[in-house]
Amino acid sequence: MGEADEDQAWIEQSLQGDPSAFEPLVRRYQKRIHVLAFRMTGSLADADDLAQEVFVQAFQRLAQFRRESRFSTWLHRIAVHQALHWLARQDHRQRLHQSWTEETLAATTAPNPACSEVQSALLKLPAKQRAAIVLTIYDGLSHAEAAHILGCSENTVSWRVFMARSRLKRLLRNPSPRPGKQP
Amino acid sequence: MNPADLESRLREDLEPAPGDAYWREVPSRVPRRIVQTTFLSTQDPIPPTHHRFRLTTIAAAAGVALLFISTLMALRHTRPAPPDIRAMMTCFEEVSALFPGRLRFIVEDRDGLRMDLAEANTLVSQPRVYLEICGPAGCSRFVTSSGQAIDITSLPHEVFIDGHGHIQVAGPMVLWSSADPDVPVAGFQIKARVLEPRS
């Protein structure tokens, strides 16, 4: 039995209302979803939470899976949209917190010292450009597949990838000073 | 840096691995979480990391207010079953007075009565809205203000009154308007009304 057939069998069982039938699907796709969540959030703890929520959402929306695409593509679509939604909420929270103190603001926007230089550069990209890079570079998808997941045209993906690459080149050529490092 | 160099630089950057225990644990943790969030859920017993700060800071205040609400509700009902919008609105107003500018909503469901407070007193006073949301796992009743977000299946959904006076509920799971109240929404039945200010 191929992967797609196995997925389908587990989906059918899950649709009967048995959440434990979803377990093998989580086991199969958890690493890919976790990588995507980490690349989008830059935090291991947030990636843990986000990845879990992606699977919960997928289970709850399983009846909407039309089998027109692979389950992994459908799952990625949920993951990307959850990540973008999460980032929008984070942004909203940060804006609310701006009325607190300058120190609070500095603490929330300071680069995470645990992040690598590459991850720090990724986090400086606008969320949709970041998603385009994560899908095409880290997941190895074509622009057409990424477009399907992101719900936009292939041209839009190509444009986002182009803009993101240009910015990443600049950022990685001239990295900003890392906290704790002396010049 | 040419495109190939950039691509290999990005690919060579390895993401931190959470560890074997994490990968073993998650597949069984997800079904448990699914059961908890089948419908309107309470907070996680173990809250997500990014909520810890918020929960700690408001825990003491929430405890006092919950005690206050419970006492108030106990005085008003012997059983919580029959809908009593006015009593919920009274609760909402009195908790609002205790925490000016911080009360997002109060909700009553099978787990009892709870509230959700903002970290800071940044909320602007808006018309009050009552919502009753029913799904396969039961009903939840909310009182909130227009412009606030309530949690449906653990996801924030904005509740607001539009320019025609219709109540809108918008979020990742539900998109509903009181202008078309009978349109089924992802298995949920929703009733809503704007609450008149108390005299």
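Numbers restart at 1 for each chain; the letters A, B, ... are given by sequence-line order, proteins then strands.
Comparing A:Q30, A:R27, A:H81 by heavy-atom pairs within less than 4.5 Å of chain B, the highest count is held by A:Q30. Among A:I137, A:L168, A:T136, the residue making the largest number of heavy-atom pairs under 4.5 Å with chain B is A:I137.
With hydrophobic clusters built from ILVMFWY side chains whose heavy atoms lie under 4.5 angstrom apart, A:V35 does not share a cluster with B:V30. Under the 4.5 Å side-chain heavy-atom criterion for grouping Ile, Leu, Val, Met, Phe, Trp and Tyr, B:F188 is not connected to B:F160 through any hydrophobic cluster. Tracing side-chain contacts under 4.5 Å through hydrophobic residues (I, L, V, M, F, W, Y), one never reaches B:L175 starting from A:L84; they form parts of separate clusters.
When the shell of 6.0 Å around CG of B:N2 is examined, it contains more than 12 heavy atoms from other residues, nucleotides or ligands. For CZ of A:R70, the number of neighbouring non-hydrogen atoms (other residues, nucleotides, ligands) closer than 6.0 Å is 12 at most. Surrounding CZ of B:R193 are at most 12 heavy atoms belonging to other residues, nucleotides or ligands under 6.0 Å away.
Residue pairs meeting the ring pair (Phe, Tyr, Trp, His ring centres under 6.0 Å) criterion with at least one member in residues 11-33 of chain B, sequence neighbours excluded, are A:H34-B:Y22, A:H34-B:W23.
Taking OH from A:Y138 and CD from B:E15, the interatomic distance works out to 7.5 Å, rounded to the nearest 0.5 Å. Rounded to the nearest 0.5 Å, atoms CG (B:D5) and CZ (A:R173) are 11.0 Å apart.
Contact annotation for A:R39: only side-chain heavy atoms (C-beta onward) come within less than 4.5 Å of a heavy atom of chain B. In this structure, chain A has a heavy atom under 4.5 Å from the side chain of B:L6, while its backbone stays farther away. When heavy atoms are compared at a cutoff of 4.5 Å, A:L44 approaches chain B solely by way of its side chain, counted from C-beta outward. When heavy atoms are compared at a cutoff of 4.5 Å, A:Q64 does not approach chain B at all.
For A:H76, there are no ring pair (Phe, Tyr, Trp, His ring centres under 6.0 Å) partners two or more places apart in sequence or in a different chain. Scored by the ring pair (Phe, Tyr, Trp, His ring centres under 6.0 Å) test, A:F71 finds A:Y29, A:F65, A:W74 as partners (sequence neighbours excluded).
By the 4.5 Å heavy-atom criterion applied to side chains, A:Q52 and B:V26 are not counted as neighbours.
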*Test salt bridge (charged side-chain N to carboxylate O under 4.0 Å, His left out) applied to A:D48 and B:R29, step by step*: CA-CA 12 Å; A:D48 292 351; B:R29 200 196 301 159; over 6 Å; no

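Closest of all the heavy-atom pairs between A:Q119 and B:D13 is N-OD2, 4.0 Å. Between B:P27 and A:E23, the shortest heavy-atom contact is O-CG, 2.6 Å.
A donor-acceptor pair is defined here as one N or O able to donate and one able to accept, closer than 3.5 Å; no such pair exists between the side chain of B:R9 and the backbone of A:V118.
Within residues 150-166 of chain A, the residues having any heavy atom less than 4.5 Å from a heavy atom of chain B are, in residue-number order, A:R165.
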